[in-house]
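Working notes for the structure below.
Values below: all heavy atoms of this structure, side chains included; hydrogens, waters and symmetry mates excluded.
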Amino acid sequence: MSACRFAIIQLRSRLGKLNKSEEKLMIIGVVKEITDGECRVAATPASVKKLIKLGYDVQVETGCGIKANFPDSLLAAAGANVLEDGAQVFSQADVLIKVLPPTDQEASELKPDSTLISFVWPAQNEQLVSKLVEKNIKSLAMDCVPRISRAQKLDALSSMANIAGYRAIIEAANEFGSFFTGQITAAGKVPPAKVLVIGAGVAGLSAIGTAKGLGAIVRAFDTRLAVKDQVKSMGANFLELEFEESGEGAGGYAKIMSDEFIEAEMALFAEQAKEVDIIVTTALIPGKPAPKLISAAMVKSMKPGSVIVDLAAQNGGNCELTEPDQKVVKHDVTIIGYSDFPSRLPTQSSTLYANNVVNLVSDMTPEKDGQLTFDLEDQVVRGALISYEGEKMWPPPEIEIPPPPTPAVEEPPSAPDSGELPESAANSWVFTTIAAIVGGLLLLLIGRYAPSDFVSHLTVFVLACFIGWQVVWNVTPALHTPLMSVTNAISGIIIIGGILQMSGFFVNASASTATVLAALAVLISTINVTGGFLVTQRMLGMFRKQD
């Protein structure tokens, strides 16, 4: 699109903002998904209320939310107008929201000059994009929302991937013939299941958390070393290759790796396939077929009864033996290639997707007046925009991410040309020298004139002060309380010494100054020991699970 044409579109958008007060409130329409097996819906009772608060009228096709457990009565109670015929919704809706891309029939029923919000997948549906442009439909693709911090609340891909990862483990548990968690029973010992998750994106992390919650031993691999800490924080073991190459790609996705890396990666997977019981693969590269990570030979080497869940089945699958949308058994291994995992949890999926849509509509309705505003200078709107004012707007311009600021490095002060030390260093050296001389002279005088018993006691006292100073001073302040509870051993030594010193009182019934001091030391040390145990028990109680 030429720069002149783009400027005209921006001008029209701004003029539309000026005239929007004269327009009637827009109607948002929700229709039933007609694709076989699709149970999700683009609106829920909660999202309908939010859209109405933004100033829109909401019309829904009867029965659109039944499969997601949202009957017409709940949608009507939320304020939606339920229409008997989906064609009425198409003909009246100024903004139509869907889950899946519209079919040819649905695209032909769209109201001219209306707005479509749904998954579009423009790279795979060029014919649909052309039809939207011809009908002058303004289309926003939920799958094209840029993955930047400000747009996380609109990221429907992450919402659906989270559900897919959870459902993948549930499907695997349904097919796996044993427990996930290990058990020791009177009938015998049951080892825990071993799960390998390939790809630690949103779906992978969700699968890791679910498998770990069920008690399995979880291992994970990803070409992006940046996710290592996330994997470990969830209790899984991160598998690494001894390579310096990073797999971090644009938009948070992984990139294609070198042949050497792929060879080492395949060797790792072949080794793990012999050990694990369940493999979940999530590796996808945008715009390209899914990489083949699990070969037929690896499947053959797996233990009978093992399970593979291929979350990349819609793009060809990460396993060579995956059949899209099918569950097959090859070499006594169950391979699940479903592509509708989010639809298998329709209530939760619809709720999250509807929230994503509401957040997008809310951002595009700054005045909360029921008028959808297209700000082409907004990175989020521009990134999701597929067609606008009869023009194809996809692909959007790349978002320039500013590099992180370079920390200022302070140069050390250069030494004087004369070879002399700086004034501060010179003063410190003089003070240290004088202190060492005075201390040495003092020790010589004490050793010369003081009694031998006093010298031995002084030596023990100096060593005790030095060791105590080093023990306390070098510990982080946050750890002082645990440190004091550990020093009960030192307090115990003091108690024993005090009791020995008090032995004269019990024999001669005479209380000297030393006896009084020993009794005081025993009392204080006893309080310290008791308090240390109480504090330790209280701290340990913070980490115990409550029944």
*asked:* Would you say that N356 contacts L360 through its side chain, given a criterion of any heavy-atom pair below 4.5 Å between the two side chains?
replied: no

_Counting C-beta onward and ignoring hydrogens, is there a side-chain heavy-atom pair between Y388 and I137 closer than 4.5 Å?_
no

*asked:* If we ignore hydrogens and angles and just use 3.5 Å, is the side chain of K135 paired with the main-chain N or O of S108 as donor and acceptor?
replied: yes

*So do L284 and N315 actually touch side chain to side chain, heavy atoms under 4.5 Å?*
yes

*Can you tell if the side chain of I278 reaches within under 4.5 Å of the side chain of K194, non-hydrogen atoms only?*
no

*Got a sec, which residues hit side chain to side chain contact (heavy atoms under 4.5 Å, CB included) with N69, two or more places apart in sequence or on another chain?*
T347

*Counting only N and O atoms by type, is there a donor-acceptor contact under 3.5 Å from the side chain of K50 to the main-chain atoms of N359?*
no

*Has the side chain of S118 got a donor or acceptor atom that lies under 3.5 Å from a matching backbone atom of P101?*
no

*Side chain of D72, backbone of T62: donor and acceptor closer than 3.5 Å?*
no

*Any side-chain donor paired with an acceptor under 3.5 Å for K368 and S362?*
yes

*Is R344 positioned over the aromatic face of Y338, cation under 6.0 angstrom from the ring centre and no more than 45 degrees off axis?*
yes

*Qualifying residues under ring-ring contact (aromatic ring centres under 6.0 Å, His included), relative to F119, sequence neighbours excluded*: W121, Y353

*asked:* Taking side chain to side chain contact (heavy atoms under 4.5 Å, CB included) as the definition, give me every residue that meets it alongside S349, ordered by chain and number, with sequence neighbours left out.
replied: R40, M160, I163, P342, L345

*Does F90 offer a backbone N or O that forms a donor-acceptor pair with the side chain of E109 under 3.5 Å?*
no

*Side chains of T334 and K327: closer than 4.5 Å at any heavy-atom pair?*
yes

_Results of side chain to side chain donor-acceptor pair (under 3.5 Å) for S206 - residues two or more places apart only_ = N162

*Presence of salt bridge, K153 and D363, under 4.0 angstrom*: yes

_Run the salt bridge (charged side-chain N to carboxylate O under 4.0 Å, His left out) test against K228 and tell me which residues pass, sequence neighbours left out._
E240

*Is there a donor-acceptor contact under 3.5 Å from the side chain of N318 to the main chain of L293?*
no

*Step by step, would you call S130 with Q127 a side chain to side chain contact (heavy atoms under 4.5 Å, CB included)?*
CA-CA 5 Å; S130 299; Q127 185 175 355; 5.7 Å; no

*T223 vs E265 side-chain heavy atoms within contact, under 4.5 Å*: yes

*asked:* For R150, is there an ion pair with D378 - N to carboxylate O distance below 4.0 angstrom?
replied: yes

*List the steps, then state whether side chain to side chain contact (heavy atoms under 4.5 Å, CB included) holds for R147 with L157.*
CA-CA 10 Å; R147 287 191 160 180; L157 288 178; 3.5 Å; yes

_For M393, is there any backbone N or O sitting under 3.5 Å from a side-chain donor or acceptor partner on R382?_
yes

*Output all residues satisfying ring-ring contact (aromatic ring centres under 6.0 Å, His included) with F221, sequence neighbours left out; order by chain, then residue number.*
F269

*Is there a side-chain contact between V307 and D277, using heavy atoms and a 4.5 Å cut-off?*
no

*asked:* Let's go through E38 and D340 carefully: what are the C-alpha distance in whole Å and the side-chain angles of both, what is the deciding distance for side chain to side chain contact (heavy atoms under 4.5 Å, CB included) to 0.1 Å, and is it a yes or a no?
replied: CA-CA 8 Å; E38 182 55 61; D340 61 344; 5.8 Å; no

*Is any side-chain N of the basic residue among K98 and E106 closer than 4.0 Å to the acidic one's carboxylate O?*
yes

*Are the side chains of R219 and V197 in touch, meaning some heavy atoms are under 4.5 Å apart?*
no

